[in-house]
Protein chains: 2
Amino acid sequence: MSEKDASQVVRTDGAKALARYLLEEINAGRMAVGLKLPAERQLSEQFHASRGAVRRVLGELKSRGVIRQVVGSGTFVAAVPDPQTRGVPTTDTGAISPAELMQARMLIEPLMPSLIVQFGTSLDFARMDECIARSEASLSVGEFEHWDGALHEALAVATHNGFFRQILTFATQVREQGEWGRLKQRSLTPERRAQYEQQHRALVDALKDRDEATAKQVIEQHLQQIQKNLFNR
Amino acid sequence: MSEKDASQVVRTDGAKALARYLLEEINAGRMAVGLKLPAERQLSEQFHASRGAVRRVLGELKSRGVIRQVVGSGTFVAAVPDPQTRGVPTTDTGAISPAELMQARMLIEPLMPSLIVQFGTSLDFARMDECIARSEASLSVGEFEHWDGALHEALAVATHNGFFRQILTFATQVREQGEWGRLKQRSLTPERRAQYEQQHRALVDALKDRDEATAKQVIEQHLQQIQKNLFNR
DNA sequence: CTAAATTTGTCCGTATGTATT
DNA sequence: AAATACATACGGACAAATTTA
């Protein structure tokens with residue numbers, strides 16, 4: 001990421017300068033609590049940033065409790081942002097690491113066969129078959145990923161338990177959002193993909209036979225393989 | 001700047017047309033599952049909507065699970081939006097019955113000791129102790145329920161696994177939101193409350209001793225008791 | 001294997017309208 | 001009535017990931 005050209009590198013000049021300035025001034029005590037800041041448009045002009053950028057910076061500070069905004073009145077300094085209270089206890093959902101997710105999956109997903117062999121219908125199994133067929137016929141990695149995800153969702157549906165379904169949906173969201181992508185791509189070689197496909201078939205076959213023990217075993221092997229491919233390589 | 005076209009004066013010009021079109025085509029089966037949609041910019045041009053509007057529509061469909069987007073690859077049809085699964089995945093409990101929830105809890109919660117005996121800290125155990133003490137000192141049913149919930153959250157935190165924590169939080173939401181309250185309140189007699197308190201103590205003691213097997217056993221007993229009290233008259 | 005092209009994801013600047021004081 | 005914060009929409013540019021040549 002070196003500078004390619006100094007002519008058009010004006011991407012983040014004003015906004016970050018404003019953020020640094022405000023935090024610095026408030027922390028140093030040069031802006032007293034209760035002081036009214038300039039209006040958004042004025043800040044926008046002073047720092048050569050758009051009003052949207054200014055609003056984003058102010059919104060960030062407001063979410064931290066540093067400033068307080070009153071409609072029609074203005075923006076005011078609320079408190080000094082001490083680093084101790086930075087850890088917010090309210091919604092600390094953020095940042096579920098791939099390691100955490102895999103740890104949880106290896107505990108939870110082996111439970112699914114118990115429910116599927118009890119409540120799974122032929123329709124459920126047909127969906128799994130189609131997902132496997134489509135994934136094996138996939139030509140690109142993206143397509144394979146899609147049908148792999150669809151298979152996992154079909155498994156979740158086959159439990160016929162809404163809570164489990166929600167859990168697996170949440171897992172998919174985490175996997176798609178986080179830094180999972182980098183690991184995923186580098187770990188999916190053709191031979192590993194073939195291995196996954198074989199394990200998928202073995203799993204669905206065992207489920208069709210209502211063979212809970214085997215299905216659970218296959219899932220555990222599958223997840224162990226994924227984990228090894230992800231982290232160990 | 002603008003072209004004053006009489007055709008596109010409407011505020012909600014192409015975006016809703018796009019949404020209606022996609023839902024109609026997918027529901028009618030004219031767009032097969034797995035089919036790749038045109039790129040965002042292409043849709044933007046076709047429907048005379050900005051790319052932001054297109055992205056909003058696609059984001060809505062994605063949140064419903066109708067489509068799936070892959071960076072660098074494209075947007076794909078994921079499933080037909082059948083009315084059953086129309087619920088949003090994020091924070092929609094989607095009619096999870098108490099029976100379903102208990103079934104899932106009895107499978108999932110016995111897994112927690114495995115993590116807690118590995119990663120639990122003395123601070124975690126101190127929180128549990130406080131929750132137990134407060135719950136035992138509670139004078140009202142509501143107060144007892146509060147500290148009972150706090151204990152469960154302390155257990156979730158003690159796993160030191162963000163995914164588990166989210167799952168347990170979700171379970172609490174389901175429990176508080178549904179008609180769970182009436183069942184539980186009706187089933188909470190003084191003697192059962194004493195039994196719960198005893199089981200709580202036994203559980204925390206076992207966790208402190210890093211005795212995974214005993215802790216798991218106590219949890220299973222506890223949940224079985226709850227289930228029996230809930231449904232079995 | 002490398003590099004270019006394509007696609008989604010993200011941020012920025014701008015513009016317009018609404019609600020509140 | 002005027003000033004202000006709030007909300008939304010649009011287009012452009014860059015980044016990241018994927019596919020393709």
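Just so it is clear: chains get the letters A, B, ... in the order the sequence lines come, proteins before strands, and each one is counted from 1.
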### Message
Nearest heavy atom decides the nucleotide; on that basis, is B:V71 or B:R56 closer to the 5' end of DNA chain D?
### Response
B:R56
### Message
Of the options D:dC10, D:dT4, D:dT19, whose atoms approach the side-chain atoms of A:S140 most closely?
### Response
D:dT19
### A:E45 and A:R41 ion-paired at < 4.0 Å
no
### Message
By nearest atom, which of the nucleotides C:dT10, C:dC12, D:dC6 is closest to the A:S50 side chain?
### Response
C:dC12
### Summary
Note: for B:S44 and A:L139 on DNA chain D, the residue whose nearest nucleotide lies more 5' is B:S44
### Message
Side-chain N or O of A:K36 versus OP1/OP2 of D:dA3: is the shortest distance under 4.0 Å?
### Response
no
### Message
Could you tell me how far apart A:L58 (CG) and D:dA5 (P) are, to the nearest whole angstrom?
### Response
8 Å
### Query
Under 3.5 Å, is there a donor-acceptor pair between the side chain of B:H146 and the main chain of B:G142?
no
### Query
For A:F144 and D:dT18, what is the distance between atoms CZ and C1' respectively, to the nearest whole Å?
16 Å
### Query
Counting side-chain heavy atoms from CB outward, which of D:dA5, C:dT8, C:dG9 is closest to B:A39?
C:dT8
### Task
In whole angstrom, give the distance that lies between atom CD of A:Q42 and atom P of D:dT4.
8 Å
### Task
Measure from the side-chain N and O atoms of B:K62 to the backbone N and O of B:T75, and report whether any donor-acceptor pair falls under 3.5 Å.
no
### Query
Would you call the rings of A:H200 and A:H222 parallel, tilted or perpendicular if under 30° counts as parallel and over 60° as perpendicular?
perpendicular
### Task
Determine: side-chain N/O of B:T75 to OP1/OP2 of C:dT8, distance under 4.0 Å, yes or no.
yes
### Message
Looking at A:R134 and A:E130, is there a salt bridge between them, counting it only when a charged N and a carboxylate O are closer than 4.0 Å?
### Response
yes
#### Entry: Distance test, side-chain N/O of A:R55 to OP1/OP2 of D:dC6, below 4.0 Å
yes
### Summary
Comparing nearest nucleotides in DNA chain C, the 5'-proximal residue of the pair A:G52, A:G72 is A:G52
#### Entry: Phosphate-side-chain proximity, B:S73 and D:dT18, N/O vs OP1/OP2 below 4.0 Å
no
### Message
Output the rounded distance in Å from CG (A:L43) to C1' (D:dC6).
### Response
16 Å
### Task
Give a yes or no on whether a salt bridge exists between B:E109 and B:R105, defined as a side-chain N under 4.0 angstrom from a carboxylate O.
yes
### Query
Which whole-number value in Å describes the distance from A:E60 CD to C:dC12 P?
12 Å
### Query
Over how many whole Å does the gap from A:R68 atom CZ to C:dT20 atom C1' extend?
15 Å
### Message
If you assign each of A:A53 and A:V70 to its closest nucleotide in DNA chain C, which residue comes earlier from the 5' end?
### Response
A:A53
### Message
Measure CG/B:L37 against P/C:dT8 and give the value in whole Å, please.
### Response
9 Å
### Message
Please determine whether any donor N or O and acceptor N or O are separated by less than 3.5 Å between the side chain of B:R51 and the base of C:dG9.
### Response
yes
### Message
Under 3.5 Å for both donor-acceptor distances, Watson-Crick or wobble: does D:dA1 have a partner, and if so which one?
### Response
none
### Task
Using whole Å, report how far CZ of A:R41 lies from C1' of C:dA15.
11 Å
### Message
Between B:Q69 and C:dG9, is there a contact of a side-chain N or O with OP1 or OP2 at under 4.0 Å?
### Response
yes
### Query
Where the side chain of B:E40 is defined as all heavy atoms beyond and including C-beta, which of D:dT18, C:dT8, C:dT14 is the nearest nucleotide?
C:dT8
